[in-house]
There are 2 protein chains.
Amino acid sequence: MTVAPKVSYQDVKTVVLKRIRDSTWAPGSIMPGEIDLAKEFGCARATVNRAMRELAEEGFIDRKRKAGTRIKSSPTRQAKFVIPLIRDEIEKSSATYRYALINRELRDAPDWLRARMGLSQDISALQLQCMHYAGSKSFQYEDRWINLAAVPQAADQEFKIIGPNEWLIKEVPFSDAEITFSTINADAKISKLLEVSVGTALVTLERITWLNGVPITYTKLYFHAGYQMTSRL
Amino acid sequence: MTVAPKVSYQDVKTVVLKRIRDSTWAPGSIMPGEIDLAKEFGCARATVNRAMRELAEEGFIDRKRKAGTRIKSSPTRQAKFVIPLIRDEIEKSSATYRYALINRELRDAPDWLRARMGLSQDISALQLQCMHYAGSKSFQYEDRWINLAAVPQAADQEFKIIGPNEWLIKEVPFSDAEITFSTINADAKISKLLEVSVGTALVTLERITWLNGVPITYTKLYFHAGYQMTSRL
DNA sequence: CAGTGGTCTAGACCACGTG
DNA sequence: ACGTGGTCTAGACCACTGT
């Protein structure tokens with residue numbers, strides 16, 4: 001007599017994934033319920049449940065109470081990109097991180113910003129324009145706006161030494177964020193700051209963060225030429 | 001007597017996250033073990049375990065057997081980008097998807113490709129250059145290379161009707177992938193295909209996929225001007 | 001209303017990795 | 001060696017939602 005080793009949720013995932021790929025269970029169709037699968041695999045329902053939960057997170061299946069579990073007709077491809085603190089990113093490459101404040105201004109949020117952040121009323125904001133350097137090289141230009149209605153204590157900060165991102169991380173929690181990754185041609189101002197020719201294609205990243213529905217801050221980051229983000233799955 | 005409602009893993013997550021944010025548990029330090037937390041919260045260890053596992057996935061803590069759980073000094077920011085099938089993406093915007101093969105060529109993998117895919121020996125590859133249209137507008141240019149040593153049956157495909165991506169998804173599973181997001185200035189060829197001026201900043205996405213260590217395919221996608229990717233957290 | 005996934009429990013054993 | 005997280009179990013109750 002050999003004792004069957006326990007069935008792990010990984011095993012279940014593997015087998016189910018195989019069946020999805022070879023169309024044992026066709027795209028769009030319903031697959032067996034957790035209880036049936038548990039019986040088939042000879043394991044507890046909790047084990048099946050974990051396997052299925054992860055497959056759902058990874059975008060292969062859709063699960064609904066009562067309706068059951070369906071194979072997605074086109075599995076959702078997704079890539080997780082790690083967004084390190086800029087200081088860490090630069091120091092990891094054994095360069096020296098340096099921060100510089102270019103401009104600091106208190107002003108009413110312009111229309112485009114109010115639209116972007118979902119602000120209906122007039123709001124005073126703190127605008128900060130900053131540079132981040134890796135050694136002697138320009139690494140990133142940051143255009144930062146902080147909603148003073150939500151973060152009034154930012155008005156007392158000079159941001160001459162500490163960048164707004166590092167300050168906000170320590171000072172203000174957030175509950176939601178939206179990140180948009182795009183690209184632009186460098187204009188005159190940006191090209192000078194980032195030391196590239198006018199027109200150079202640059203990666204830009206915009207981030208808006210909220211705390212329980214209240215917009216906290218908007219930032220647009222312009223990366224040096226050649227910047228790229230990589231993700232492994 | 002009121003009956004205490006059960007403590008959910010969400011509750012545990014919320015409380016633990018709060019303690020991380022307000023530095024009840026300092027960055028870099030070790031926090032209590034699962035058994036202690038379960039006692040404190042009055043729930044089962046499995047409940048605490050799930051909460052902690054998710055917090056680890058989300059980049060707030062590091063867990064090691066025996067060593068315990070540590071608060072990360074700088075939490076890992078990460079963004080999940082959904083990468084839809086191009087057909088779905090276009091049809092979702094209620095435009096008509098159209099695919100066109102521009103060029104199909106059998107050739108030895110060039111040096112840069114061998115380096116990129118980690119191929120040591122000479123390999124014959126199938127190169128496909130394709131366009132994807134949304135209605136009458138150019139949407140994406142695709143430069144695709146398929147490793148014929150790994151996917152010999154691709155040599156029999158014409159790819160006149162079905163694009164290589166859709167074909168590969170159905171035909172070849174993969175185990176690992178690497179995605180790189182970057183940007184370039186459109187050169188003469190690309191600008192013509194995508195109907196933009198030379199020099200326009202374009203988003204590019206490279207993907208390499210492997211099946212159990214064997215490189216399957218490399219592709220570089222050039223998106224139309226103004227393309228952006230958004231992620232909500 | 002009834003069926004399915006979502007979650008919790010109490011207990012157990014395992015595996016990794018630090019000391 | 002031993003402590004901590006990793007996982008599995010068997011059973012239970014709950015909550016959503018399609019019919």
Side-chain angles (χ1 to χ4, degrees), chain A residues 1-17 19-20 25-73 75-76, chain B residues 1-17 19-20 25-73 75-76:
Chain A
M1 279 290 292
T2 54
V3 179
K6 281 183 184 167
V7 176
S8 84
Y9 77 96
Q10 294 279 10
D11 300 335
V12 178
K13 265 181 82 166
T14 306
V15 174
V16 170
L17 201 48
R19 289 187 190 170
I20 292 175
W25 293 322
S29 66
I30 294 186
M31 47 179 280
E34 296 191 348
I35 302 172
D36 293 334
L37 288 175
K39 261 184 239 167
E40 187 204 325
F41 287 108
C43 66
R45 184 168 80 96
T47 304
V48 173
N49 182 273
R50 172 148 183 206
M52 305 303 282
R53 194 190 332 132
E54 294 197 358
L55 286 171
E57 268 172 23
E58 290 160 24
F60 294 101
I61 56 180
D62 272 331
R63 317 195 73 198
K64 271 188 207 157
R65 285 165 156 134
K66 163 76 181 178
T69 299
R70 268 174 198 288
I71 317 308
K72 279 203 187 179
S73 39
T76 311
Chain B
M1 276 291 294
T2 56
V3 179
K6 281 183 183 166
V7 176
S8 84
Y9 77 95
Q10 294 280 10
D11 300 334
V12 177
K13 265 181 82 168
T14 306
V15 174
V16 170
L17 202 47
R19 289 188 190 171
I20 291 175
W25 294 322
S29 66
I30 294 186
M31 48 179 280
E34 296 191 349
I35 302 172
D36 293 334
L37 288 175
K39 260 184 244 168
E40 186 203 325
F41 287 108
C43 66
R45 184 167 79 95
T47 305
V48 173
N49 182 274
R50 174 149 182 206
M52 303 305 280
R53 194 191 331 130
E54 294 197 357
L55 286 171
E57 267 172 23
E58 289 162 24
F60 293 101
I61 56 180
D62 272 329
R63 318 194 73 195
K64 274 190 204 153
R65 285 162 151 129
K66 162 75 181 178
T69 299
R70 265 174 202 291
I71 313 331
K72 279 202 188 180
S73 39
T76 312

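Protein chains get the first letters and strands the later ones, always in sequence-line order, with residue 1 at the start of each.
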Pairs under 3.5 angstrom, nitrogen or oxygen only, protein versus nucleotides 5-8 of chain D, please.
from, atom 1, to, atom 2, distance (Å)
D:dG5, OP1, B:T69, OG1, 3.3
D:dG5, OP2, B:E34, N, 3.1
D:dG5, N2, B:R65, NH2, 3.4
D:dG6, OP2, B:R63, NH1, 2.7
D:dG6, O4', B:R65, NH2, 3.0
D:dG6, N7, B:R45, NH2, 3.4
D:dG6, O6, B:R45, NH2, 2.4
D:dT7, OP1, A:Y9, OH, 3.3
D:dT7, OP2, A:R50, NH1, 3.1
D:dT7, OP2, A:R50, NH2, 3.3
D:dT7, O4, B:R45, NH2, 3.2
D:dC8, OP1, A:S8, N, 3.4
D:dC8, OP1, A:Y9, N, 2.7
D:dC8, OP2, A:Y9, N, 3.4

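- For A:E58, the salt bridge (charged side-chain N to carboxylate O under 4.0 Å, His left out) partners at least two apart in sequence or on another chain are A:K13.
- The distance from atom CD1 of B:I30 to atom P of C:dT18 is 11 Å, rounded to the nearest whole Å.
- Of the possible donor and acceptor atoms, one in the side chain of B:R70 sits under 3.5 Å from a partner among the backbone N and O of B:G28.
- Using a 4.0 Å cut-off between a side-chain N of Lys or Arg and a carboxylate O of Asp or Glu, A:E34 and A:R63 qualify as a salt bridge.
- One can place CG of A:L55 at 13 Å from P of C:dG5, the figure rounded to the nearest angstrom.
- Residues meeting the side chain to side chain donor-acceptor pair (under 3.5 Å) test with B:E40, sequence neighbours left out: B:R19.
- Residue B:I35 places its CD1 atom among 12 or fewer non-hydrogen atoms of other residues, nucleotides or ligands, all under 6.0 Å distant.
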